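Just below is one structure, and these are the notes that go with it.
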Amino acid sequence: MKKYSPGAVKHINIRDRDIGRPLSNITTNIKFETLIGDIKKVLENGEIIIQEIESTEGKIYQVMTSPYLRKRDKNVYGAIITFYDISELKRTQNELDKTNKMLGLATVASEMGTWSIDVQTRELIASDRLRAIFGFPIDEQMIFESAVKQIVDEQQSLFLSSIDEAITSGEKFELEFPVHGLQDEKLHWIRAIGNLTHNKDGKAEYLTGIMHDVTDHKLDDMRKNDFISIVSHELKTPLTSIKGYLQVSLARARKSEDEFSEKAMDKANNQINKMTTLINGFLNVSRLETGKIYLNRQDFEIDALVKEIVEEVLIAKSGFNIVLLPGCNIPINADRDKIGQVISNLLSNAVKYSPKGGNIEVLCKELANHVQVSIKDEGMGINLEDQEKLFDRYYRIENHSTKTISGFGIGLYLSSEIIQRHNGKIWVESEIDKGSTFCFSLPLG
Ligand code: ADP
């Protein structure tokens with residue numbers, strides 16, 4: 001060995017006394033024998049050789065052996081050995097490999113397909129499992145356009161617009177859609193979830209996510225839906241006739257001044273009304289699921305509608321102070337009955353989830369290009385985690401305060417679907433034990 005740099009002292013314990021000694025006689029934390037072969041090759045061919053070596057302390061070095069040349073000729077006069085400490089890099093790489101392996105195992109076990117769409121070019125990168133879900137043979141190319149073609153015709157534009165929306169808004173992509181399997185030609189329901197990934201300059205690069213086949217779950221759901229729809233329909237007929245008999249009997253009881261029967265019949269009538277609302281709710285859910293809910297639009301003033309519903313609720317619930325603050329006497333074009341249903345759901349919830357009573361404030365506001373209705377209560381409030389799921393079908397908060405309050409978790413789901421179909425928005429602001437404010441807005445014009 002002829003020369004060394006200060007770094008060599010620090011990393012591989014080379015000393016002055018090592019100068020002039022053959023490498024095979026030098027003992028440091030690196031086994032030089034492993035390099036002697038490389039040095040010989042470099043001296044013979046003048047090529048650069050790179051290898052990784054572990055020191056006795058467990059550090060990993062990338063060692064580059066390169067020829068020592070002089071400017072004047074092409075002869076190799078020696079070899080230069082350079083050590084790079086890559087222990088940290090190796091450790092990160094090992095961890096990354098481990099995480100990737102675990103992720104790979106998890107995606108295989110959950111039968112999920114993974115995908116990535118280039119934001120600029122719409123180029124699709126699909127995993128083997130994803131190709132299998134769509135039924136693409138392993139040797140056939142699965143480009144974005146051919147994947148979209150497999151989606152059932154009526155759903156293609158929704159799929160494309162949802163992808164565009166996720167890319168432009170940066171919000172999570174989430175969609176269920178039916179595809180024709182390329183090989184079995186059966187209908188498969190697929191659930192896709194994705195998020196934008198950005199490059200180091202913060203520019204969106206890929207929409208990346210997973211897809212999985214949810215056909216069995218979807219078919220179960222459809223069967224459940226059909227069942228609910230049939231049962232609700234079958235229940236409606238006898239209920240209507242019970243209501244008829246009750247009304248006739250109530251009229252008779254009034255006539256004969258039979259106070260007990262009148263009161264009993266009145267109570268029974270209230271219960272029948274509750275049951276009818278519930279059954280209609282279930283029917284609406286199944287109509288929604290099958291896309292059979294239609295808007296019957298008309299022009300009306302939202303103030304007047306809110307007033308009507310507040311009065312209805314006041315008749316049914318005493319002990320609450322409902323304050324109505326009107327503020328939009330401009331007509332809106334919407335389905336009056338369905339918007340009425342939303343206000344009624346929100347107002348009944350404000351009453352239902354405020355066991356200690358209190359004030360309820362109903363406010364109507366006209367904003368730039370929409371109207372906004374908000375219903376504020378002083379009830380039990382809702383924590384942030386539940387706020388995100390409240391508008392999901394059949395979602396109910398289960399805790400000690402709600403356990404005695406009955407319901408099926410469809411009111412807010414229906415309300416949100418109705419508002420969305422009007423291109424409006426619905427949301428909640430709430431704090432535990434302080435109260436909640438449910439708001440919705442509808443576009444004007
Ligand atoms: P339901 O009342 O039949 O359970 P909803 O869909 O109307 O169904 O409401 C879903 C859940 O949201 C309820 O179970 C309740 O826990 C919560 N919630 C709704 N409105 C309020 C409110 N004003 N205050 C507190 N919690 C509420």
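We count ligands from 1, going down the list as the structure has it; atoms in each ligand are counted the same way. Throughout, numbering of the chain's residues begins at 1 and tracks the sequence. Just so we're clear, the structure is a prediction, and the values are computed from it rather than from any experiment. Computation of the quantities below employed the complete heavy-atom set of this structure, encompassing side-chain atoms and omitting hydrogens, waters and symmetry-equivalent molecules.
The two residues R297 and R421 have their closest heavy-atom pair at NH2-O, 4.2 Å. The shortest non-hydrogen separation linking A350 to I375 is CB-CG2, 4.0 Å. Closest non-hydrogen pair, G358 versus F320, comes out as O-CD2, 3.6 Å.
Close to ligand 1: F438, with a non-hydrogen atom less than 4.0 angstrom away. Put simply, part of I410 is less than 4.0 Å from ligand 1, judged by heavy atoms. At a 4.0 Å cut-off, at least one heavy atom of G409 sits close enough to ligand 1 to count as contact.
For R223 and D226, the salt-bridge test fails: no basic side-chain N is under 4.0 Å from an acidic carboxylate O.
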Check step by step if side-chain contact (heavy atoms from CB on, under 4.5 Å) holds for I339 and I343. CA-CA 6 Å; I339 298 297; I343 302 169; 4.1 Å; yes
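Polar contact check, G381 against ligand 1: no nitrogen or oxygen pair lies under 3.5 Å apart. For ligand 1, the polar-atom distance check against S406 finds no nitrogen or oxygen pair separated by under 3.5 Å. The distance criterion of under 3.5 Å between nitrogen or oxygen atoms is not met by L390 with respect to ligand 1. No N or O atom of G407 sits closer than 3.5 Å to an N or O atom of ligand 1. When only interatomic distances are considered, the shortest N/O to N/O separation between D377 and ligand 1 falls below 3.5 Å.
Residue contact check: K352 has heavy atoms under 4.0 Å from atoms 1 (P), 2 (O), 3 (O) of ligand 1.
Here the rule is ring pair (Phe, Tyr, Trp, His ring centres under 6.0 Å) with F408, and of F282, Y395, Y394, Y413 only F282 fits it.
By the criterion of a heavy-atom distance under 4.0 Å, both the backbone and the side chain of L412 are placed next to ligand 1.
Of the candidates L347, I382, I405, the one placing a heavy atom closest to atom 26 (N) of ligand 1 is I382.
The protein atom (non-hydrogen) at minimum distance from atom 10 (C) of ligand 1 is Y395 O, 3.4 Å.
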